[in-house]
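Here's a structure for you.
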2 protein chains.
Amino acid sequence: MKYFNDNLDKTDITAQHLDTIKKVKQQMTAEETLYDLAELFKVFGDSTRIKILSALFYSEMCVGDIAITLGMTQSAISHQLRVLKQAKLVRYRREGKIVYYALDDDHVKQIFHQGLDHINEGRD
Amino acid sequence: MKYFNDNLDKTDITAQHLDTIKKVKQQMTAEETLYDLAELFKVFGDSTRIKILSALFYSEMCVGDIAITLGMTQSAISHQLRVLKQAKLVRYRREGKIVYYALDDDHVKQIFHQGLDHINEGRD
DNA sequence: ACAACATATGAACATATGAACATAAGTTAA
DNA sequence: TTAACTTATGTTCATATGTTCATATGTTGT
């Protein structure tokens, strides 16, 4: 791509490109925020974690029950719950030796459903 | 976790666990859908792709301009645009040798903003 | 304190992923 | 057709990620 040339016919196009780049740069969300956003979506971007969240839509659950429900090991679930916890997508409460996990806020459901809408639109 | 035992005092708890597992399994979104959903969010879960989407919020752009805007190679951008294209998050139109990319539908913006809301809530 | 149970964590391994480089493919103008 | 330009793609490499296994931590009841 040529942004500096001596061809007069292309000067306008070049200027337009430079202008677009400049304006978009100014308007774009801060890089740090975008980085955090990508980190958040990365958490949603794993089928095990999505399944855990999906399960917690209907009931708070303990680690062992989630493992049984998804047919996975307790360890794998625990590791992923830690990721979900760090992203503040789930919260937990302890009752004796059992730890119950639940969805942390409504954004989880909303993000989840927007995603479903996108998928379903593609299935028209 | 013990689901079958002869301790009468714990029978109710056990039954409750089994009941929860059964009900959640019945209500949960189909596994295949959850898999697709994870794939979708995986696309959002990369800072380069998020930056591209963020840039396209403000203007359709050609590949080279996106590369300059983000300070990355044309190749890297093109590869990621292919991923975004496959996920139907962006569409493109060709004008001569230049290919302009744009956001494909409103779900992108909505998912993006729900994500921002979640992040900002954590910053209270 | 000890045994039994539920959950968390560390290490190792296999797989997945993103970026860069080189180059191919497609488009336009001369 | 050739040259110049824009975009797409194949390959390689370094790194990130998820699962398993073994074990640690924490809790309850005896």
Review point. Any idea how F57(B) and H113(B) line up, ring-wise: parallel (<30°), tilted (30 to 60°), or perpendicular (>60°)?
Key: perpendicular
Practice item. Find the distance I98(B):CD1 to dT7(D):C1' and express it as a whole number of Å. Key: 11 Å
**Study point:** First of S78(A) and K42(B) reached from the 5' end of DNA chain C, by closest nucleotide
**Key:** S78(A)
Point to revise | With sequence neighbours excluded, residues passing side chain to side chain donor-acceptor pair (under 3.5 Å) with E31(B) | key: K51(A)
**Study point:** ring pair (Phe, Tyr, Trp, His ring centres under 6.0 Å) pairs, two or more places apart, involving residues 68-94 of chain B
**Key:** Y92(B)-Y101(B)
Review point. E95(A) has an atom CD; how far is it from atom C1' of dG26(D), in whole Å?
Key: 16 Å
Atom pairs, protein N/O to nucleotides 20-26 of chain C N/O, distance under 3.5 Å:
from: dA20(C); atom 1: OP2; to: T73(B); atom 2: OG1; distance (Å): 3.3
from: dC21(C); atom 1: N4; to: S75(B); atom 2: OG; distance (Å): 2.5

Check your understanding: E39(A) CD to dA16(D) P: how many Å, rounded?
Key -> 11 Å
**Study point:** Protein-nucleotide distance (R93(B), atom CZ; dT6(D), atom P), rounded to Å
**Key:** 16 Å
Review point. Does anything in residues 49-59 of chain B reach DNA chain D, meaning a heavy atom under 4.0 Å, and if so which residues?
Key: none
Check your understanding: Given pairs defined as Watson-Crick or G-U wobble with both distances under 3.5 Å, what dot-bracket annotation applies to DNA chain D, with ( ) intrastrand, [ ] crossing, | other strand and . unpaired?
Key -> ||||||||||||||||||||||||||||||
Review point. In chain order, what residues pass the side chain to side chain contact (heavy atoms under 4.5 Å, CB included) check against R94(B), with sequence neighbours excluded?
Key: V99(B)
Which side-chain N or O atoms in residues 40-48 of chain B pair as donor and acceptor under 3.5 Å with protein atoms at least two apart or in another chain?
from: K42(B); atom 1: NZ; to: E39(B); atom 2: OE2; distance (Å): 3.2
from: D46(B); atom 1: OD2; to: T48(B); atom 2: N; distance (Å): 3.1
from: D46(B); atom 1: OD2; to: R49(B); atom 2: N; distance (Å): 3.1

Exercise for review: Grab the CG-P distance between D46(B) and dT15(D) for me, whole Å please.
Suggested key: 17 Å
Point to revise | same_hphob_cluster(Y58(B), L116(B)) at 4.5 Å side-chain heavy-atom cutoff | key: yes
Exercise for review: Please collect all salt bridge (Lys or Arg N to Asp or Glu O under 4.0 Å) contacts where either partner lies in residues 78-87 of chain A, sequence neighbours excluded, each pair once.
Suggested key: none
Point to revise | Short side-chain N/O contact to dT17(C) OP1/OP2 from Q80(B), under 4.0 Å | key: no
Practice item. Rounded off to whole Å, could you give me the CZ-to-C1' distance for the R82(A) and dG10(C) pair? Key: 10 Å
Check your understanding: In whole angstrom, what separates F41(B)'s CZ from dT17(D)'s P?
Key -> 18 Å
Point to revise | Partner set under salt bridge (Lys or Arg N to Asp or Glu O under 4.0 Å) for K109(B), not counting sequence neighbours | key: none
Practice item. With sequence neighbours left out, write down each residue that passes side chain to side chain donor-acceptor pair (under 3.5 Å) with E60(B), or none if nothing qualifies. Key: R93(B)
Exercise for review: Would you indicate, yes or no, if dA6(C) has its OP1 or OP2 atom less than 4.0 angstrom from a side-chain nitrogen or oxygen of Y101(A)?
Suggested key: no
Check your understanding: When the distance from CG of L70(B) to P of dG18(C) is rounded to whole Å, what number comes out?
Key -> 15 Å
Exercise for review: Using salt bridge (Lys or Arg N to Asp or Glu O under 4.0 Å) as the criterion, list what pairs up with D105(B), not counting sequence neighbours.
Suggested key: none
Point to revise | Contacts of type salt bridge (Lys or Arg N to Asp or Glu O under 4.0 Å), residue D106(A), not counting sequence neighbours | key: none
